[in-house]
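Quantities reported herein were computed from a predicted structural model and do not represent experimental measurements. The chains referred to below are lettered A, B, ... by the order of the sequence lines, with proteins before strands, and numbering in each begins at 1.
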2 protein chains.
Amino acid sequence: MSTVSKAISLLELFSVDEPELGLTEIARRSGFDKATTRRLLVSLTQHGFVEQDSETRFYRLGAGLTRLARIREARFPLLQTALPFIRDLAATTAETVHLSEASNGFLLTVHVEHPARANRVNVNVGEYLPLHSTASGIAFLAHAREPVLETAMAEPLAPFTSRTVTDPADLASLIEATRKRGFSISDQGYEEGVISVGAAILGTDGYSIGTLAIAAPVVRTPKAAATERGKAVAAAAREISERLNGESFEALETRAIA
Amino acid sequence: MSTVSKAISLLELFSVDEPELGLTEIARRSGFDKATTRRLLVSLTQHGFVEQDSETRFYRLGAGLTRLARIREARFPLLQTALPFIRDLAATTAETVHLSEASNGFLLTVHVEHPARANRVNVNVGEYLPLHSTASGIAFLAHAREPVLETAMAEPLAPFTSRTVTDPADLASLIEATRKRGFSISDQGYEEGVISVGAAILGTDGYSIGTLAIAAPVVRTPKAAATERGKAVAAAAREISERLNGESFEALETRAIA
DNA sequence: AATAAGAGTTCAAATAATGAACCGATGAAA
DNA sequence: TTTCATCGGTTCATTATTTGAACTCTTATT
C-alpha cells in the first residue's frame, strides 16, 4: 500500500456520524502504528486536509478540502446546479432526496435532503453506493461506459437483502428497462423496507456523471407513487444534465452511443 | 518532503483558472519526475481525489474531495449558513463578496459571489489570503488566538502595494480599531485600486473560524459607502456566528477573553 | 500516591519511493 | 510518407523515506 493511500485512508475514517477522532482511535481503526498515523496526520494537517482541535486534541477533516472541492465544483457545478431541483423534489415528495457523483467506478453521495418527519429513510453524505442494488447504481449503469458496465457486472453481486438482484442476467434486464423508462426502481434491493427511484445525470460525453434519487419507506409508497416519483427524478436529472452541458438530453444520449 | 505532502502539492496545482492539466505539465510544475508524478496521481485517482479525462488524458480534481468536504461541512456548516447572507450582500452592494475559512493559521477563500458588471474585483475560490494586508486577514486577526496573532505579527509583513501596512505597531492599532468597530477596512493594502471591508465569523470558542468580506474598486467607493458596507458585513458575520453556534455574538466574544 | 490511557517522539531496520532510460502513440513539419 | 518532437506511460536497480517497538510526558481516575 502506498503512503499516499495510507494517508487518504485516514481521511476516509471520518464520517458525518463520527467527524472527530483521537490519535489512538485513528491508529486502531486504520491498523497503522501510532507513530505512522501521527506522521500522516501531521502531513495532512500541514495542507489543511485535517485540523486538530487545540483543546480536545481530536482530529477532524479540514477546510483545505472545502477549498479544493470548490475548485472542482467551479468546473463541474453538479451540486450547485442540482441543489434547487433536489430541494424542490424534497418539498413535493416529502421524502429523502440524494445526489451522488461518479468517481472512478464508484458512486459517492454528495448531498442529501431529508424530509422533516419521523419515519424517513436516512442516507448519509459521504456514503458509497453499490451499483447493482440501489436505484442510483442501476440508473448510473444504464448510462455508464461499456468497460465500467462490464466491470460492475463481473463483480459478485452481493445480496444486501433477500430481494437484491444477484443474477447478472436479471440485472441486465433491469438496466435495459431503466434505459427505456428513463428512471430506475430498487424495491428493497439494498435495505429492507426501502424503495427508491433514481435517474442518471449525463456529462458532455453522454455518460453518467452522477445520479439523483428519492428513497422512501415502502409502507407509504404504492406502486403509482413510485412511478410518479420516478418520472419526477427523471425530469429533474434531464434538466440538470441539460443545464450542465448546454445541450438537449437526447443529443447527450446519442453522443454516448456514437 | 514527505510523500504525502508531494501528493497533496499536486492537488494544489489545480485552480479555478486551470482546472485540468496533463501529466508532463504537472510533473514540470511540481518539479517531480514524470514517473513519480504519475504514481502519485494514480494513488490520488484511486481515492477519487483526482480524475483523468478518458479522452484527453488530462487530470483534474475528483469527486472524492466533494464528498469529504461535505462531511466536514456537516460538522461546520459555515458555507451553508453563510451562503444566503453572501447572496444578500452581493445583491444589495453589487460588489464582490467572499467567504474565507481559517485553516491552521491561513485563510482560504471558500466562496465568492461576483456582481454582474464589467468593472469588478475578481477574487478566486481557493486563494490563500495574507493576514496583514487584507480586510479578511485583519478581521481574522482581531479575533484570533494569542499564539496565532503573535505568529502573524512576527512574520515579515510583505508590502503588496505602496499602501500596505508593514509596521507591526500600525498593524496592531488597525487590529485594535477593527475589534472596536466590528469590521476591518483595507484601503488598497493588497491590491492597488481595491478597497475591502471584512468581519470575523466566530466559532464556539469565540475565536475566528472564518471571515466575510466585500471588495470593490476604490473609484466608486466613497468613505461613507465603505463604512456602510462594513456595518453590513459585520451584521452578517455576527448573524452567521450566532446561527452556527446558537449563542449570542457577545457571549462568544466574551468566551475568547476568558 | 498509584494507575491508566492517550498524545507524542526516537532511531535502527525494513520497505517503499525514485528517476534515468525506455516504449509506443500521436501530431506537426519537412 | 518520412522525420522529428511531444506526450503518456513503464521498468528496475539505486536510494531515501517510512516504519514500529519502546520510550517519555501529560492528564484524568481511583
Side-chain angles (χ1 to χ4, degrees), chain A residues 1-14 18-62 75 103-105 145-148 151 205 258, chain B residues 1-14 18-62 75 103-105 145-148 151 205 258:
Chain A
M1 193 183 205
S2 74
T3 312
V4 175
S5 288
K6 284 178 199 161
I8 297 179
S9 72
L10 295 187
L11 297 175
E12 321 254 330
L13 295 176
F14 297 94
E18 295 183 298
E20 293 187 320
L21 300 166
L23 172 60
T24 307
E25 186 61 21
I26 297 173
R28 202 184 56 70
R29 296 200 191 190
S30 63
F32 307 141
D33 185 89
K34 199 151 56 85
T36 303
T37 305
R38 200 180 115 79
R39 208 166 28 75
L40 295 174
L41 285 170
V42 167
S43 289
L44 291 168
T45 304
Q46 281 162 356
H47 294 271
F49 277 33
V50 158
E51 284 174 3
Q52 186 176 31
D53 191 301
S54 53
E55 204 175 307
T56 65
R57 313 249 97 191
F58 277 24
Y59 295 89
R60 58 170 173 253
L61 296 176
R75 179 96 179 135
S103 172
N104 51 287
R145 286 195 176 69
E146 199 50 52
V148 176
T151 311
D205 53 9
Chain B
M1 194 184 207
S2 76
T3 312
V4 175
S5 287
K6 284 178 199 161
I8 297 179
S9 72
L10 294 188
L11 297 175
E12 320 254 329
L13 295 176
F14 297 93
E18 295 183 297
E20 290 185 324
L21 300 165
L23 173 61
T24 307
E25 185 62 20
I26 297 173
R28 203 184 56 70
R29 295 199 191 190
S30 62
F32 308 140
D33 185 88
K34 198 151 56 82
T36 302
T37 305
R38 200 180 115 78
R39 210 165 26 74
L40 295 174
L41 285 170
V42 167
S43 289
L44 291 167
T45 304
Q46 280 162 357
H47 294 271
F49 278 33
V50 158
E51 283 174 4
Q52 186 176 29
D53 191 301
S54 53
E55 205 175 307
T56 64
R57 313 250 98 189
F58 276 24
Y59 296 88
R60 59 170 172 255
L61 296 177
R75 179 95 178 138
S103 172
N104 50 289
R145 284 193 178 72
E146 200 50 52
V148 176
T151 312
D205 53 10

Exercise. Do side-chain atoms of Gln52(A) reach the backbone of Arg57(A) as a donor and acceptor pair under 3.5 angstrom?
Worked result: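 Yes: the side chain of Gln52(A) pairs with the backbone of Arg57(A).
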Using whole Å, report how far [atom1] of [X] lies from [atom2] of [N].
X        : N       : atom1 : atom2 : result
Arg39(B) : dG9(D)  : CZ    : P     : 15 Å
Lys6(A)  : dT18(D) : NZ    : C1'   : 7 Å
Met1(B)  : dT18(C) : CE    : C1'   : 15 Å
Leu40(B) : dT17(D) : CG    : P     : 14 Å
Leu41(A) : dT9(C)  : CG    : P     : 12 Å
Glu25(A) : dA5(C)  : CD    : C1'   : 13 Å
Leu23(B) : dT10(D) : CG    : C1'   : 11 Å
Arg38(A) : dT24(D) : CZ    : P     : 18 Å

Nucleotide of [options] approaching [X] most closely (side-chain heavy atoms):
X        : options                   : result
Gln52(A) : dA7(C), dG8(D), dT10(D)   : dA7(C)
Asp33(B) : dG19(C), dT18(C), dT19(D) : dG19(C)
Thr24(A) : dG6(C), dT18(C), dA20(C)  : dG6(C)
Thr3(B)  : dT18(D), dT9(C), dT18(C)  : dT18(D)

Is the phosphate of [N] approached by [X] (side-chain N or O, under 4.0 Å from OP1 or OP2)?
X        : N       : answer
Arg57(B) : dC7(D)  : no
Thr36(A) : dT18(D) : no
Tyr59(B) : dG9(D)  : yes

Would you say that [X] contacts [Y] through its side chain, given a criterion of any heavy-atom pair below 4.5 Å between the two side chains?
X         : Y         : answer
Arg38(B)  : Lys34(B)  : no
Asp205(B) : Arg145(B) : yes
Tyr59(A)  : Glu20(A)  : no
Leu61(A)  : Glu51(A)  : no

Problem set entry | Distance-only donor-acceptor test (3.5 Å): side chain Lys34(B), base dG9(D) |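 Between dG9(D) and Lys34(B), which were checked side chain against base, a qualifying N/O pair under 3.5 Å is present.
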Problem set entry | Contact nearer the 5' end of DNA chain C, comparing Gly22(A) with Val4(A) | Gly22(A)
For this session: Tell me which of Leu21(B) and Ala35(B) sits closer to the 5' end of DNA chain D, going by the nucleotide each one is nearest to.
Result: Leu21(B)
